[in-house]
Amino acid sequence: MSDVIVTHADMRALEYCNRGARQWFARHGLDWAAFITAGLPAAQLLATGDAMAHAVVEVARRRAAMQEP
């Protein structure tokens with residue numbers, strides 16, 4: 001499986017709030033607007049080294065695996 005795109009829906013599946021997520025994105029220099037519009041590659045989130053990023057990437061990977069034929 002190629003690197004998945006993590007979406008806002010993946011974040012919401014973990015019940016992460018938008019306010020806290022926006023602050024987290026700012027702390028890590030990530031583009032919140034781009035994330036909301038199109039998502040971000042999992043590798044970009046994982047590069048933060050943050051446990052929250054690892055959790056949301058895992059949700060995105062499970063979603064992507066379920067969508068593969």
Side-chain angles (χ1 to χ4, degrees):
M1 174 183 348
S2 63
D3 200 23
V4 301
I5 299 297
V6 179
T7 67
H8 185 254
D10 299 320
M11 183 193 79
R12 296 299 294 160
L14 291 172
E15 298 183 1
Y16 290 171
C17 71
N18 283 342
R19 182 177 183 183
R22 279 193 303 271
Q23 292 170 353
W24 186 90
F25 269 65
R27 252 191 332 272
H28 292 284
L30 298 171
D31 187 340
W32 175 255
F35 175 70
I36 292 299
T37 302
L40 291 176
Q44 194 172 356
L45 295 174
L46 292 174
T48 66
D50 191 281
M52 289 176 65
H54 284 272
V56 76
V57 166
E58 182 56 33
V59 167
R61 287 185 174 153
R62 283 194 310 256
R63 172 188 44 80
M66 289 175 43
Q67 293 173 345
E68 287 184 354

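The basis for the numbers below is simple: all heavy atoms, side chains too, and nothing from hydrogens, waters or symmetry mates.
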Practice item. Treat each ILVMFWY residue as a node, draw an edge where side-chain heavy atoms are under 4.5 Å apart, and state whether Val57 and Met11 are in one component. Key: yes

Practice item. Quick one: which residue pairs count as a side chain to side chain donor-acceptor pair (under 3.5 Å) with a foot in residues 32-45, not counting sequence neighbours? Key: none

Review point. Should Arg61 and Asp3 count as an ion pair when the cut-off is N to O under 4.0 Å?
Key: yes

Exercise for review: Evaluate the side-chain proximity of Val6 to Leu40: yes if any heavy-atom separation is below 4.5 Å, no if none is.
Suggested key: no

Check your understanding: Which pairs with one or both residues in residues 8-23 pass salt bridge (charged side-chain N to carboxylate O under 4.0 Å, His left out), sequence neighbours excluded?
Key -> Asp10-Arg63

Point to revise | Heavy-atom check, side chain of Leu30 versus side chain of Thr48, under 4.5 Å | key: yes

Check your understanding: Considering only heavy atoms from C-beta outward, does the side chain of Trp24 approach that of Leu45 to under 4.5 Å?
Key -> yes

**Study point:** For His54, ring pair (Phe, Tyr, Trp, His ring centres under 6.0 Å) partners two or more places apart
**Key:** none

Review point. Linking I/L/V/M/F/W/Y whenever their side-chain heavy atoms sit closer than 4.5 Å, directly or via other members, would Val59 and Ile5 fall into one cluster?
Key: no

